[in-house]
Amino acid sequence: MALWGCSSRQSVAIEYPGNSSNRVVFAAEHLDSVLQTMGYDVLPALEGAPEGTKVIRLSMVSDSVGPKEGFTITTVNDTINVIGNDGSGVIYGCREVIDRVGFGGSLDSVPAEFTDAPEMVLRGACVGVQKPYLLPGRAVYEYPYTPDNFPWFYDKELWVKYLDMLVSNRMNSLYLWNGHPFASLVKLEDYPFAIEVDDETFKKNEEMYSFITNEADKRGIFVIQMFYNILLSKPFAEHYGLKTQDRNRPISPLLSDYTRKSVAAFIEKYPNVGLLVCLGEAMDTYEDDVVWFTETIIPGVKDGLAKLGRTDEPPLLLRAHDTDCKMVMDAALPIYKNLYTMHKYNGESLTTYEPRGPWTEIHRGLSSLGSVHISNVHILANLEPWRWSSPDFTQKAAQAMHDVHGANALHLYPQASYWDWPYSADSIPGGRELQLVRDSTWYEGWGRYAWNCRRDRNDEVKYWNRRFARTYGLSDDQGAAIREAFEESGEIAPKLLRRFGITEGNRQTLLLGMFMSQLVNPYKYTIYPGFYESCGPEGEKLIEFAEKEHKGIPHVGELPLDITSQCVVHGDKAVEAIERLQGNVKANKDEFDRLSNDMHCYRLFAYFFDNKVKAAREVLNYQWTKDLKYLDAAVPYLEKSLDYYRQLVERTKGTYLYANSMQTNMRRIPIAGDGGKNKTWEELYVHYQKELENFRNNIAMLKDKAAGKDSGADEVISPLSEADVTVSGPWKRVKLTEGAAVLANMPDARVRGLAPELDGLTAFQVNGDDQRKDGTKIDFTCQAPVRLLVGYFKDDQKKYAKAPKLETDASANEYGQAEPVLTNAIHLEKMPLANVHAYSFNPGSHSLLLPKGYTLVLGFTSDEIKPRNAALAGADEAMDWLFY
């Protein structure tokens with residue numbers, strides 16, 4: 001078979017065998033289509049090519065021993081031979097021809113001989129079949145595949161555009177993320193009521209899933225469906241009187257049977273689709289993870305294969321998130337060999353190309369198993385929403401995946417707006433901008449370095465200079481300014497988060513800023529363990545820096561004020577580079593204006609943050625000296641910070657719909673995002689104004705006290721009042737006072753200290769041994785809104801229940817319990833201090849299951865609780881109170 005093409009400049013023919021595979025046929029059609037856009041017009045098939053015609057001949061080697069997806073190009077006279085080691089190799093060989101023509105200007109740019117193959121086995125990107133908000137009556141991740149929820153899912157033209165984008169970046173895998181996709185895609189004979197969509201939608205889903213997988217297959221793209229455990233379909237859960245997800249419930253035969261049959265039906269119906277299993281988030285213990293994976297998931301896969309008569313093992317991917325992946329793999333490998341592992345690169349952000357610490361050891365342990373280990377560039381919460389495409393950072397990060405983590409595969413999230421796929425956060429005239437268009441160089445950079453991260457830096461500078469120049473109608477020298485702007489601005493968010501962040505996850509939207517209280521007392525907001533040990537070079541938090549300064553202790557590693565100063569310089573350089581191009585751009589001018597605005601936003605943010613950190617340092621100086629001059633010195637910095645933020649508000653108003661695409665109560669830093677609130681800079685500006693006002697008022701109060709003008713008595717903290725609640729079960733209740741015994745199995749562990757708010761509440765006497773075995777279940781009824789107070793011990797020993805943690809449990813704020821309301825609030829003899837979390841409930845009947853391990857159930861109240869440090873550990877030196 002032959003496809004002929006010519007132009008006024010040159011003719012070209014594309015040949016391939018008539019019995020070629022679907023991938024070779026696609027390669028030829030794709031090459032023909034792209035060459036047409038470059039000026040090669042297609043002619044009808046001819047008996048012979050016109051004189052002077054270039055011939056591109058596609059073929060596959062037989063019995064190839066070369067690397068999978070590899071190819072060889074040879075040019076002899078006017079014939080370019082593209083020889084793939086397999087069908088995918090032919091596709092990538094054609095992409096090499098396209099890239100050479102695109103950069104060289106003609107087919108004469110194709111080398112006489114060239115051989116290439118990818119470094120990474122899997123190179124893919126993900127699409128979240130999820131929403132920025134929760135659906136009514138549903139919990140996190142619960143989004144059925146319907147036209148109302150996801151109209152874009154049924155857009156075949158969009159899918160073709162996206163799959164072609166993957167091909168152009170030599171990616172070979174597509175991940176679809178959803179909490180419980182099975183009830184939208186398969187029907188179960190034993191549970192016919194479990195389906196979550198109507199018959200018409202189910203047929204559409206079947207058609208679309210088949211379309212996506214078929215189109216992906218001919219492009220050499222492996223489709224992988226992700227799901228969480230244990231999640232149930234809503235109608236199934238309601239049928240049996242269960243919650244769709246409950247992290248703390250035990251595995252039951254019913255839950256296992258439903259999930260096993262769902263997996264089996266999916267494998268049977270979609271045999272060429274892989275599964276990515278997330279054992280974390282909605283399961284309790286690591287031991288449960290092992291049991292669930294080996295006794296439910298893998299048997300479900302095998303059941304589906306048996307129905308198809310297959311004896312092979314398709315790849316099954318296991319996430320390390322919120323589980324002991326090594327423990328699970330050790331148990332699973334004896335019964336299923338074709339297992340892949342996956343772990344987040346920098347957590348749910350991008351912070352460094354120098355990873356280290358315990359998270360790196362997890363990567364190394366998994367990559368040493370000998371299976372394919374995937375590095376997951378996940379969520380990018382710190383990069384939302386401005387454009388980010390630093391070639392230098394990306395290449396170094398890909399090198400770290402190989403050299404530090406031992407990974408040999410990439411799984412890439414969108415650069416921003418994951419929860420709002422397929423759109424970006426940009427506010428543009430006439431509609432929404434597609435992520436895959438706006439962030440094309442994000443995908444291109446990661447795809448390029450997943451294929452080969454060892455490219456020469458000098459060559460890469462030339463490549464990207466020309467790449468950006470072509471986009472904006474510039475010379476290559478002018479294109480260098482775009483690259484410089486991206487590489488300078490690309491350091492700002494990573495550096496700031498790794499040195500000042502509370503968490504590397506969805507819980508924090510860095511580019512909305514941080515409150516002073518979070519800078520001067522980050523521990524109050526529960527810094528995620530391991531973050532500072534793994535997600536950047538060794539260094540100091542601001543609170544540590546100030547203490548060392550006061551005590552004369554030598555500093556170590558990256559220092560906070562050095563980082564903010566560096567970010568200011570990065571911002572200045574990014575703006576200077578982009579400003580050099582004003583008046584020179586000849587193509588995509590609207591997009592250039594948006595890019596230019598982003599560079600200005602990054603610069604303003606760097607100045608805002610630098611001044612705020614300088615203010616925080618002065619406050620910490622006051623903490624150690626109690627000299628009011630430091631508080632006075634902080635005020636101008638805070639005022640200047642607010643002025644830069646005001647300018648940021650003006651630059652983002654009308655240009656961005658939001659900063660962060662996750663707009664639920666899972667987001668906590670800098671402020672809660674419940675109900676889609678506090679998602680713009682304009683909304684946050686009001687809070688930062690109030691912060692400055694409070695600070696000034698508290699400084700005035702301290703000065704009055706120092707001058708003897710304040711005769712007011714210290715604030716009296718009153719005990720919380722008891723709520724009227726009917727509790728089911730044979731609970732023993734005890735009055736909460738010093739000397740009370742609240743652990744039935746440890747009568748000597750009496751209360752030796754408690755916050756005055758807790759004094760007099762009626763607590764539950766619990767048995768710690770039973771709690772470790774079964775968790776703690778509380779059934780109750782209330783006629784008015786109430787809060788249940790639960791104490792979590794500040795100790796990571798296995799016997800203590802883990803406090804709510806949004807980084808690993810998406811439902812950790814389902815009852816508003818994510819952050820402690822009282823820290824260091826109760827102390828039992830010979831036991832660690834405990835923080836108190838408040839679980840809020842509306843009127844009605846409720847059943848709460850707490851995690852396994854020792855917890856304190858301290859009673860019910862209807863009162864508002866002012867969050868504070870009860871300071872049972874000693875004097876409360878934290879300075880966050882100055883901003884309230």
Visitor: To check you understand the geometry: which heavy-atom pair defines the closest contact between Glu268 and Leu308, and what is its length?
Guide: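 Here Glu268 and Leu308 meet closest at O-CD2, 3.6 Å.
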
Visitor: Any Lys/Arg nitrogen of Glu814 or Lys243 sitting under 4.0 Å from an Asp/Glu carboxylate oxygen of the other?
Guide: yes

Visitor: Using modelled atom types only, decide if a donor and an acceptor are shared between the side chain of Ser233 and the backbone of Ala194 within a distance under 3.5 Å.
Guide: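 Yes: the side chain of Ser233 pairs with the backbone of Ala194.
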
Visitor: Please check: side-chain N/O of Asn376 versus main-chain N/O of Met342, any donor-acceptor pairing under 3.5 Å?
Guide: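 Not at all, since once roles are kept as given, no pair shorter than 3.5 Å links the two residues.
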
Visitor: Step by step, would you call Arg319 with Cys325 a side chain to side chain contact (heavy atoms under 4.5 Å, CB included)?
Guide: CA-CA 7 Å; Arg319 287 187 77 201; Cys325 198; over 6 Å; no

Visitor: Closer than 3.5 angstrom, by distance alone: can the side chain of Ser210 be matched with the main-chain N or O of Glu207 as a donor-acceptor pair?
Guide: no

Visitor: Do Thr855 and Gln771 have side-chain heavy atoms sitting under 4.5 Å apart?
Guide: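 Sidechains of Gln771 and Thr855: in contact.
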
Visitor: Does Lys234 come within less than 4.0 Å of Glu238, counting only side-chain N to carboxylate O?
Guide: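 Yes, Lys234 and Glu238 are salt-bridged.
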
Visitor: If we only count heavy atoms from C-beta on, is the Asp809 to Asp322 side-chain gap below 4.5 Å?
Guide: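 A side-chain contact under 4.5 Å is absent here.
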
Visitor: With distance as the sole criterion, is a donor-acceptor pair present between the side chains of Asn214 and Tyr209 under 3.5 Å?
Guide: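 No donor-acceptor contact under 3.5 Å links the two side chains.
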
Visitor: Tell me if the aromatic rings of Trp177 and His378 count as close, with their centers under 6.0 Å from one another.
Guide: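 They qualify: ring centres under 6.0 Å apart.
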
Visitor: Do the charged groups of Lys203 and Glu200 touch, with an N to O distance under 4.0 Å?
Guide: no

Visitor: How about Tyr154 and Asn205: does a side-chain donor come under 3.5 Å of a side-chain acceptor?
Guide: yes

Visitor: So, Trp421 versus Tyr413, ring centres under 6.0 angstrom or not?
Guide: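 No, too far apart.
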
Visitor: May I have the step-by-step check of ring pair (Phe, Tyr, Trp, His ring centres under 6.0 Å) for His837 and Tyr839, ending in yes or no?
Guide: CA-CA 7 Å; His837 295 245; Tyr839 290 67; 7.4 Å; no

Visitor: Test your reading of the model: is there a side-chain donor-acceptor pair from Asn172 to the backbone of Gly220, 3.5 Å cut-off?
Guide: no

Visitor: Going by atom types alone, do Thr323 and Asp289 pair a side-chain donor with an acceptor below 3.5 Å?
Guide: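 Short answer, yes.
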
Visitor: Is it true that a side-chain atom of Arg310 and a backbone atom of Ala306 form a donor plus acceptor pair closer than 3.5 Å?
Guide: no

Visitor: Please work out whether the ring planes of Tyr162 and Trp159 are parallel, tilted or perpendicular, with thresholds of 30° and 60°.
Guide: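 Judged by the thresholds at 30° and 60°, the geometry between Tyr162 and Trp159 is perpendicular.
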
Visitor: Has Lys799 got more than 12 heavy atoms of other residues, nucleotides or ligands less than 6.0 Å from its NZ?
Guide: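 Enclosed.
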
Visitor: For Gln783, does the CD atom have more than 12 heavy-atom neighbours from other residues, nucleotides or ligands under 6.0 Å away?
Guide: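 For Gln783, atom CD is not crowded (no more than 12 foreign heavy atoms under 6.0 Å).
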
Visitor: Parallel, tilted or perpendicular for Tyr145 and Phe153, by the 30°/60° rule?
Guide: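 Ring orientation, 0 to 90° scale: perpendicular.
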
Visitor: Are any side-chain N or O atoms of Asp86 and backbone N or O atoms of Glu69, one a donor and one an acceptor, separated by less than 3.5 Å?
Guide: yes

Visitor: Heavy atoms, side chains only, cut-off 4.5 Å: are Phe293 and Leu316 in contact?
Guide: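 Contact flag for Phe293/Leu316 side chains = yes.
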
Visitor: Take Val377 and Met401, measure what side chain to side chain contact (heavy atoms under 4.5 Å, CB included) needs, and give me the verdict at the end.
Guide: CA-CA 10 Å; Val377 179; Met401 291 174 184; 3.5 Å; yes

Visitor: Evaluate the ring planes of Tyr240 and Tyr191, with Trp represented by its six-membered ring, and classify them as parallel (under 30°), tilted (30 to 60°) or perpendicular (over 60°).
Guide: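 Answer is perpendicular, since the angle exceeds 60°.
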
Visitor: Closer than 4.0 angstrom, basic N to acidic O: yes or no for Asp303 and Arg260?
Guide: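 Salt bridge flag = yes for Arg260 with Asp303.
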
Visitor: Contact between Val140 and Gln245 at the side-chain level, heavy atoms closer than 4.5 Å - yes or no?
Guide: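 A side-chain contact under 4.5 Å exists here.
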
Visitor: Taking the basic N atoms (NZ, or NE/NH1/NH2) and the acidic carboxylate oxygens, is any pair closer than 4.0 Å for Lys261 and Asp257?
Guide: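 Salt bridge between Lys261 and Asp257, a charged N being under 4.0 Å from a carboxylate O: yes.
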
Visitor: Between Asp420 and Pro132 (side chain of the first, backbone of the second, donor and acceptor by atom type, cut-off under 3.5 Å), is there such a pair?
Guide: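 Not a single qualifying donor-acceptor pair exists.
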
Visitor: Any salt bridge between Lys798 and Glu287, counting N to O under 4.0 Å?
Guide: yes

Visitor: Mind checking whether Phe841 and Tyr815 have parallel, tilted or perpendicular rings, split at 30° and 60°?
Guide: tilted

Visitor: Using a strict threshold of under 4.0 Å (side-chain N to carboxylate O), is an ion pair present between Asp796 and Lys802?
Guide: no

Visitor: Would you indicate whether the side-chain heavy atoms of Met329 and Leu318 approach each other to under 4.5 Å?
Guide: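 A side-chain contact exists here, since the closest heavy-atom pair is under 4.5 Å.
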
Visitor: Between Ser845 and Thr781, do the side chains contain a donor N or O and an acceptor N or O under 3.5 Å apart?
Guide: yes

Visitor: Pairs in or reaching into residues 332-341: which pass side-chain hydrogen bond (donor to acceptor under 3.5 Å, both in side chains), with residues at least two apart or in two chains?
Guide: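 Checked against side-chain hydrogen bond (donor to acceptor under 3.5 Å, both in side chains) - neighbours excluded - the pairs reaching residues 332-341 are Thr341-His373.
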
Visitor: Does a donor on one side chain and an acceptor on the other come within less than 3.5 Å for Tyr418 and Gln130?
Guide: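 A donor-acceptor contact under 3.5 Å links the two side chains.
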
Visitor: Indicate whether the side chain of Asn346 and that of Ser349 have a donor and an acceptor atom separated by less than 3.5 Å.
Guide: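 There is no such pair (donor and acceptor under 3.5 Å, judged by atom type) between the side chains of Asn346 and Ser349.
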
Visitor: Given ring pair (Phe, Tyr, Trp, His ring centres under 6.0 Å), test Tyr345 with Trp446 step by step and report yes or no.
Guide: CA-CA 13 Å; Tyr345 173 62; Trp446 286 103; 7.0 Å; no

Visitor: Should we say atom NZ of Lys326 is surrounded by more than 12 heavy atoms from elsewhere, each under 6.0 Å from it?
Guide: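 Counting other residues, nucleotides and ligands, NZ of Lys326 stays at 12 neighbours or fewer.
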
Visitor: List the steps, then state whether side chain to side chain contact (heavy atoms under 4.5 Å, CB included) holds for Phe860 with Val727.
Guide: CA-CA 10 Å; Phe860 291 92; Val727 181; 4.0 Å; yes

Visitor: Under 3.5 Å, is there a donor-acceptor pair between the Thr808 and Glu281 side chains?
Guide: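 Side-chain D/A pair, Thr808 to Glu281: absent.
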
Visitor: Ion pair present between Lys187 and Glu206, side-chain N to carboxylate O less than 4.0 angstrom?
Guide: no

Visitor: If you measure from the Lys or Arg side-chain nitrogens to the Asp or Glu carboxylate oxygens, is any gap between Arg23 and Asp217 under 4.0 Å?
Guide: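 Judged by the 4.0 Å cut-off on N to carboxylate O distance, Arg23 and Asp217 do form a salt bridge.
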
Visitor: Can Ser184 and Glu196 be counted as having a side-chain donor-acceptor contact under 3.5 angstrom?
Guide: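 Not at all, the side chains of Ser184 and Glu196 share no donor-acceptor pair under 3.5 Å.
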
Visitor: Between Asn665 and Asn813, is there a donor-acceptor pair closer than 3.5 Å when you use the side chain of the first and the backbone of the second?
Guide: yes

Visitor: Would you indicate whether the side-chain heavy atoms of Val127 and Tyr175 approach each other to under 4.5 Å?
Guide: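 No. Closest side-chain heavy atoms not under 4.5 Å.
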
Visitor: Checking Lys161 side chain against Lys156 main chain: does a donor-acceptor pair fall under 3.5 Å?
Guide: no

Visitor: Return yes if a side-chain donor-acceptor contact under 3.5 Å exists between Glu384 and Ser661, otherwise no.
Guide: yes

Visitor: Is there a side-chain contact between Tyr143 and Val129, using heavy atoms and a 4.5 Å cut-off?
Guide: no

Visitor: Can you tell me if Asn169 uses its side chain to pair, donor with acceptor, with the backbone of Met165 under 3.5 Å?
Guide: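 Yes: the side chain of Asn169 pairs with the backbone of Met165.
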
Visitor: Testing Asn745, Thr776, Asn767 for side-chain hydrogen bond (donor to acceptor under 3.5 Å, both in side chains) with Tyr854, which one passes?
Guide: Asn745

Visitor: I'd like to know whether Arg772 forms a side chain to side chain contact (heavy atoms under 4.5 Å, CB included) with Lys852, so could you lay out the CA-CA distance, the side-chain angles of the two residues, the decisive distance to 0.1 Å, and finally the verdict.
Guide: CA-CA 5 Å; Arg772 293 185 66 184; Lys852 292 179 181 178; 5.9 Å; no

Visitor: Taking side chain as C-beta onward, heavy atoms only, is Phe227 less than 4.5 Å from Leu276?
Guide: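 Sidechains of Leu276 and Phe227: no contact.
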
Visitor: Any chance you could measure Asn178, atom CG, to Met226, atom CE, to the nearest 0.5 Å?
Guide: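 These two atoms lie 8.5 Å from each other.
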
Visitor: What are the two closest heavy atoms between Leu434 and Leu158, and how far apart are they?
Guide: CD1-CD1, 4.0 Å

Visitor: In terms of ring plane angle, is the pair Phe764 and Trp731 parallel, tilted or perpendicular, where the classes change at 30° and 60°?
Guide: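 Plane angle over 60°, so perpendicular.
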
Visitor: Give a yes-or-no answer on whether the side chains of Ser256 and Glu295 include a donor-acceptor pair shorter than 3.5 Å.
Guide: no

